[in-house]
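All remarks here apply to the structure that follows.
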Amino acid sequence: MTTPTEYVLGTDEAEYQRLGLQHRLWSDLAHQTWMHAKLAPGMRVLDVGSGPGHATVDLAQIVGASSGGGGVVAVDESKPFIERLREGARSRTLTNIEAHVHDVQRLDALPLQPDSFDLAYSRWVLCFVPDPAAVVRGVARLLKRGGRFCVNDYFNYESMTLAPKDPAFSKGIAAVGRSWRERGGDPDLVGILPRLCAEAGMRVTRLEVHQRLTRPGETMWAWPDSFWKNFIPRLAQTGHLTAREADEFFDAWRRVTSDPNSFMLLPPVFEFVAEKT
């Protein structure tokens, strides 16, 4: 059973593989966000809630390209994920990555100089933490004036749905949102992010929504499929769904997966950039 201090989706091998798939399916949005934030070789970057480092590696390869001399500092509270990140950096001979096992809500406790980063990035992290304002303040403290904070995260998460709609599926989505909130998270995090950044001395320079849908047999169908396989059983274990409700959810998912006339509206993912003033 998930403990209060463990990442809500776990840190086991199945979740490591899922995060790798997720990164590859959404890497176009990450790179687009970095482009709009003017990421360039030679920059010093903070990866906030790096997980096992899939985005960290991409960032390190960009900022260190052509002997640019840039580097990435990755922070995540999961020791297994940070160990994966370090192993991946070694295997790729990336020497410009520094990784810390640490709570992103306490960035001020790390041995990092204020006003020393050109860019910070956070993807699907702020929606899980109980105190996102603390994370934003910590990021603002570490950014140089003019430095950018890039975020990919959710608002209106529970609007995701099957088409045609299915009550068993909708019940599962409601349980996901409820479980996050009970742990102090917020699946509508981007709704408050502009205010949090303003309070921390940053102004929003980009706010765009990326609403995607997928159909059975398409590449993106694997993204929700991998999430359900990992997380719906956890919801049954924690009592957010009964065993019968979990079975009914998977029955609905199997039905639409075999129906070429169905599709799924994915949760809205936002591209957010704020600049330290």
Side-chain angles (χ1 to χ4, degrees), residues 1-23 26 48-52 76-84 101-106 122-135 152-162 165-192 221-257 264-269:
M1 183 175 293
T2 301
T3 64
T5 58
E6 183 186 10
Y7 171 50
V8 66
L9 300 179
T11 58
D12 58 13
E13 179 64 23
E15 181 59 11
Y16 173 74
Q17 295 297 332
R18 189 195 73 82
L19 288 172
L21 173 67
Q22 176 175 263
H23 174 68
W26 285 92
V48 183
S50 62
D76 196 276
E77 69 177 355
S78 167
K79 184 177 179 180
F81 277 170
I82 290 295
E83 288 174 348
R84 290 271 198 174
V101 179
H102 192 80
D103 183 355
V104 296
Q105 297 167 106
R106 299 180 59 249
S122 178
R123 177 173 60 181
W124 293 312
V125 173
L126 295 173
C127 63
F128 289 121
V129 299
D131 193 357
V135 183
N152 293 138
D153 219 315
Y154 295 123
F155 175 73
N156 205 23
Y157 176 89
E158 289 141 305
S159 65
M160 83 168 90
T161 186
L162 292 180
K165 291 187 175 183
D166 185 285
F169 182 87
S170 299
K171 184 175 291 186
I173 299 305
V176 172
R178 189 166 64 252
S179 72
W180 287 7
R181 290 187 175 92
E182 288 179 5
R183 293 174 59 97
D186 182 3
D188 293 328
L189 179 280
V190 174
I192 64 171
W221 194 264
W223 183 52
D225 183 66
S226 64
F227 180 75
W228 309 141
K229 289 175 179 176
N230 190 357
F231 198 51
I232 294 298
R234 283 176 174 264
L235 293 178
Q237 291 171 0
T238 58
H240 292 92
L241 289 173
T242 66
R244 179 176 179 178
E245 288 169 339
D247 288 343
E248 290 172 344
F249 180 96
F250 282 120
D251 286 343
W253 185 245
R254 283 189 289 269
R255 284 196 301 274
V256 297
T257 298
M264 180 182 172
L265 192 67
L266 297 173
V269 180

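In what follows, every heavy atom counts, from backbone to side chain, and hydrogens, waters and symmetry copies are set aside.
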Does the side-chain contact (heavy atoms from CB on, under 4.5 Å) test come out yes or no for Gln22 and Leu19, once each step is laid out?
-> CA-CA 5 Å; Gln22 176 175 263; Leu19 288 172; 3.6 Å; yes
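- The ring of Phe169 has its center closer than 6.0 angstrom to the ring center of Trp228.
- Taking every heavy atom of both residues into account, Val104 and Gly49 meet most closely at CG1-N, 3.5 Å.
- A donor-acceptor pair under 3.5 Å links the side-chain atoms of Gln105 to the main chain of Asp131, judged by distance alone.
- Between Phe227 atom CZ and Met160 atom CE the span is 6.5 Å, to the nearest 0.5 Å.
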Can you list the steps and then say if Leu126 with Val135 is a side-chain contact (heavy atoms from CB on, under 4.5 Å)?
-> CA-CA 8 Å; Leu126 295 173; Val135 183; 3.6 Å; yes
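- For the pair Glu158 and Arg181, the salt-bridge criterion is met [side-chain N within less than 4.0 Å of a carboxylate O].
- Summarising the local packing, CZ of Arg244 is surrounded by 12 or fewer heavy atoms from other residues, nucleotides or ligands at distances under 6.0 Å.
- What you find for Asp76 and Gly51 is that their closest heavy atoms are OD2-N, 2.7 Å.
- Put simply, CG on Asp153 and CZ on Arg123 are 11.0 Å apart, with the number rounded to the nearest 0.5 Å.
- In terms of heavy atoms, Ile82 sits closest to Ser50 at CD1-OG, 3.9 Å.
- Rounded to the nearest 0.5 angstrom, Leu235 CG and Asn230 CG are separated by 10.0 Å.
- For CZ of Arg106, the number of neighbouring non-hydrogen atoms (other residues, nucleotides, ligands) closer than 6.0 Å is 12 at most.
- Phe231 and Ser179 get closest at one heavy-atom pair: CZ-OG, 3.6 Å.
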List the steps, then state whether side-chain contact (heavy atoms from CB on, under 4.5 Å) holds for Val256 with Trp221.
-> CA-CA 11 Å; Val256 297; Trp221 194 264; 3.9 Å; yes
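- Using a 3.5 Å distance cut-off with no hydrogens or angles, the side chains of Trp253 and Asp166 do not pair a donor with an acceptor.
- Considering NZ of Lys171 and CZ of Arg178, their distance stands at 9.5 Å, rounded to 0.5 Å.
- One N or O on the side chain of Asp188 and one on the backbone of Asn156 form a donor-acceptor pair closer than 3.5 Å.
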Mind running side-chain contact (heavy atoms from CB on, under 4.5 Å) on Val269 and Trp26 for me, showing each step along the way?
-> CA-CA 10 Å; Val269 180; Trp26 285 92; 3.7 Å; yes
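- Using the six-membered ring where Trp is involved, Tyr157 and Tyr154 have ring planes that are perpendicular, over 60° apart on the 30 and 60° scheme.
- Atom CG of Asp247 and atom CD1 of Ile232 lie 11.0 Å apart (nearest 0.5 Å).
- In this structure, the separation between CZ on Phe250 and CZ on Arg255 is 13.5 Å, given to the nearest 0.5 Å.
- Ser159 approaches Leu265 most closely through the heavy-atom pair O-CD2, 4.4 Å.
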